[in-house]
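As structure tokens, the structure follows; a few thoughts come after it.
Proteins come first, then strands; the chains are lettered A, B, ... in the order of their sequence lines, and each starts at number 1.
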Amino acid sequence: MSASKSSSDNARNVLMDKIVSLCKRRGFVFQSSEIYGGLNGCWDYGPLGAELKKNLKDYWWRRMVRDRDDVVGMDGAILQNRSVWQASGHEKTFSDPLVDCKETKARFRADQIFYTPAIIGGDSHGYVSITESPSMEEEAQQKIRKIQKKGGIKGEIAPLDLKPLTEATAEERAQIPSPNATEPGTLTEPRQFNLMFKTYVGPVEDDKNVTYLRPETAQAIFVQFKNVLETSRVKPPFGIAQIGKAFRNEINPRNFTFRSREFEQMEIEYFCRPEDGMRLLDEWLETRLKFYEEIGIPRDKLHILDVPEKERAHYSKGTYDIEYEFPFGVQELEGVAYRTDYDLTKHQEHSGKPLEYFDPNTKEKFIPHVVEPSAGVDRTVLALICQAFDEETVTNDKGKEETRTVLRFAPRMAPIKCGVFPLLKNKPELVAKAREVQEMLRVHMNVFYDEGGAVGRRYRRQDEIGTPFCVTIDFDTLGENGDETKDTVTVRERDAMTQERIAIKDLLGYLLERIS
RNA sequence: GCGGGUAUAGCUUAAUGGUAAAGCUCCAGCCUUCCAAGCUGGCUAUGCGGGUUCGAUUCCCGCUACCCGCUCCA
């Protein structure tokens with residue numbers, strides 16, 4: 001690693017440390033179960049984090065559901081019949097058999113290690129193994145040739161018989177070396193690692209009562225597709241939107257709240273005619289990119305990854321990942337995937353219930369195709385905080401330089417929209433007037449009243465939590481300096497720290513215009 | 001899961017085999033006529049569990065959590 005690389009790594013760690021520290025100090029995010037030592041991969045949102053997250057979800061719901069004629073909402077249960085997870089393929093594919101190499105400490109997925117007996121000149125010379133790749137035949141050949149050369153063995157190498165390690169018997173496994181070791185016997189037994197949290201429905205912990213906490217919210221939508229269709233007077237193309245928790249028993253949670261074991265998703269399953277799928281995939285990508293701009297994540301901090309076919313889920317005809325430049329790297333916020341008719345078809349097969357749509361105009365019956373924009377709520381909250389975080393150097397009255405920490409949230413995302421301060425707290429008239437203004441505003445937005453300390457300190461406190469506006473009631477407001485400024489207040493803006501004098505009667509309109 | 005690192009107050013840092021210190025923050029009071037002013041007072045900490053020891057925050061072991069690198073990421 002070069003010096004410059006490690007110093008920039010260090011810089012971004014410092015930035016992330018500052019963000020994590022601010023999140024805790026000001027009540028955005030706490031470690032879950034902190035007083036008991038925490039719980040790996042779980043986080044709690046404090047008062048401001050909860051507001052921020054709620055603002056994000058509410059705005060998504062408003063833009064994706066209420067502002068549109070073609071999307072309706074639902075709210076599915078976290079627990080579903082186990083058959084749902086069998087039909088969706090999660091019970092099978094969310095469970096990976098893992099093996100460790102005791103010698104090299106490497107970990108492999110057992111289904112991605114392939115092995116073959118090394119047969120040279122008709123005699124067996126043990127086994128070789130390689131990890132799955134397009135060139136694995138050739139690599140296996142090379143490994144066998146090495147054995148041949150090393151042992152000075154004569155004869156033809158027999159044709160390879162490559163099989164995944166999952167098919168090896170116990171006796172075979174004892175003789176199969178790890179792909180990156182030479183001696184056999186260093187691989188552990190394959191162990192099932194299930195990414196789904198298993199639980200039991202009902203009081204008896206019996207195999208018949210097994211189900212899982214949902215690893216994604218989408219399946220509830222597919223399973224209720226017919227009910228929504230029949231009760232909501234919608235017809236394709238239309239979408240069903242949902243916001244809710246999902247759970248994955250990640251092997252390795254990392255990067256603060258970015259990869260958690262319990263997380264929230266905002267998803268739409270958009271049902272359409274098969275021929276419209278690819279076009280709608282692109283349209284939804286644009287719709288979603290616009291959304292990120294609206295919440296204050298600029299386009300130039302987003303990366304669009306057109307996921308290549310071999311990395312897509314097998315049923316997907318096209319997938320875009322929307323990624324954000326986090327301090328710890330470019331990471332996915334949202335996947336926009338064209339899932340074809342895979343999910344509905346699977347549920348139709350497994351449930352035996354028809355999930356087709358009959359188009360009365362064309363007299364056609366078909367299983368709708370699906371485009372799915374699926375966003376991570378917690379990841380987007382983290383992106384909002386990372387994007388908003390800024391430190392700037394300001395010079396105070398005494399000419400001393402100091403650091404101002406400010407979260408530059410888009411006002412519509414800010415947890416608190418407006419601070420309300422009496423200039424001095426020991427003047428009852430100022431306090432009374434400030435309370436009056438607070439009452440007037442609070443029915444329309446989240447406001448915060450503060451009278452502690454000097455007014456400058458109060459401004460800085462609000463800067464650090466991203467409050468876009470602060471209103472101060474002073475002696476002008478009371479009319480002490482003439483009628484012209486009576487019943488006016490100063491509105492101080494967070495980013496530029498500029499102040500404007502606004503009449504109290506115009507204040508609500510002024511703020512609403514800037515925060516909606 | 002492997003390897004490395006870290007763990008003292010809300011935050012940042014000190015110190016110590018013998019009752020843990022400070023700055024900032026926070027709270028209360030006084031003062032204060034617009035950008036972290038001042039004064040007084042106050043709350044709050046050695047992650048958890050073992051061991052060694054007369055005595056452990058300090059030494060040892062285990063666990064947990066967080067960070068970094070691998071690995072993993074439908």
Do Phe326(A) and Phe328(A) have their ring centres less than 6.0 Å from each other? yes
Check every strand shown and say whether Gly41(A) touches a base, only sugar-phosphate, or nothing at a heavy-atom separation below 4.0 Å. sugar-phosphate
Remember a base hit wins even if backbone is also touched, and classify Asn40(A) as base, sugar-phosphate or nothing at under 4.0 Å, heavy atoms. sugar-phosphate
Donor-acceptor pair under 3.5 Å: do we get one between Gln499(A)'s side chain and the base of C34(B)? yes
Integer angstrom distance from the P of A28(B) to that of C43(B): 15 Å
Among A65(B), G10(B), C35(B), which nucleotide has an atom closest to any side-chain atom of Tyr459(A)? C35(B)
Aromatic ring centroids of Tyr270(A) and Trp284(A) under 6.0 Å? yes
Residue matched to U58(B) through Watson-Crick or wobble contacts both under 3.5 angstrom: none
Check: Arg492(A) side chain, C35(B) base, donor-acceptor under 3.5 Å: yes
Between C35(B), U32(B), U25(B), which one does the side chain of Met497(A) approach most closely? C35(B)
Closest to the side chain of Arg25(A), out of A37(B), C72(B), G10(B), is G10(B)
Taken in chain and number order and not counting sequence neighbours, the residues that satisfy ring-ring contact (aromatic ring centres under 6.0 Å, His included) with Phe28(A) are none
Among U25(B), C70(B), C34(B), the one nearest any side-chain atom of Arg254(A) is C70(B)
Tell me the partner of G38(B), counting only Watson-Crick (N1-N3 plus N6-O4 or O6-N4) or G-U wobble (N1-O2 and O6-N3) with both under 3.5 Å; none if nothing fits. C30(B)
Mind checking Phe421(A) for me? I need base, sugar-phosphate or nothing, with any heavy atom below 4.0 Å counting as a touch. nothing
Using a heavy-atom cut-off of under 4.0 Å over every strand shown, decide if Lys427(A) touches base, sugar-phosphate, or nothing. nothing
Pairwise C1' distance for G38(B) and A20(B), with rounding to whole Å: 29 Å
Which nucleotide in the set C72(B), C35(B), C31(B) lies at the smallest distance from any side-chain heavy atom of Arg259(A)? C72(B)
Checking all strands, does Arg26(A) fall into the base, sugar-phosphate, or nothing category for heavy-atom contacts under 4.0 angstrom? nothing
Return yes if the base of C48(B) and the side-chain atoms of Tyr36(A) contain a donor-acceptor N/O pair under 3.5 Å, otherwise no. no
Worked check of ring pair (Phe, Tyr, Trp, His ring centres under 6.0 Å) between His347(A) and Phe225(A): CA-CA 10 Å; His347(A) 284 301; Phe225(A) 164 73; over 10 Å; no
Separation of G29(B) atom P from Glu451(A) atom CD, nearest Å, is 8 Å
Would you please indicate if the ring centroids of Tyr338(A) and His369(A) are separated by under 6.0 Å? yes
Whole-Å C1' distance, U13(B) and U71(B): 35 Å
Between A22(B) and U46(B), how far apart are the two C1' atoms, rounded to whole Å? 16 Å
Is there a donor and acceptor pair closer than 3.5 Å between the side chain of Thr490(A) and the base of C34(B)? yes
Side-chain-base donor-acceptor pair under 3.5 Å for Asn252(A) and C72(B): no
Closest nucleotide among C34(B), U33(B), A36(B) to the Glu480(A) side chain: U33(B)
Would you say the side-chain atoms of Glu325(A) and His303(A) include a donor-acceptor pair closer than 3.5 Å? yes
Nearest-Å distance, CZ (Phe258(A)) to C1' (C67(B))? 17 Å
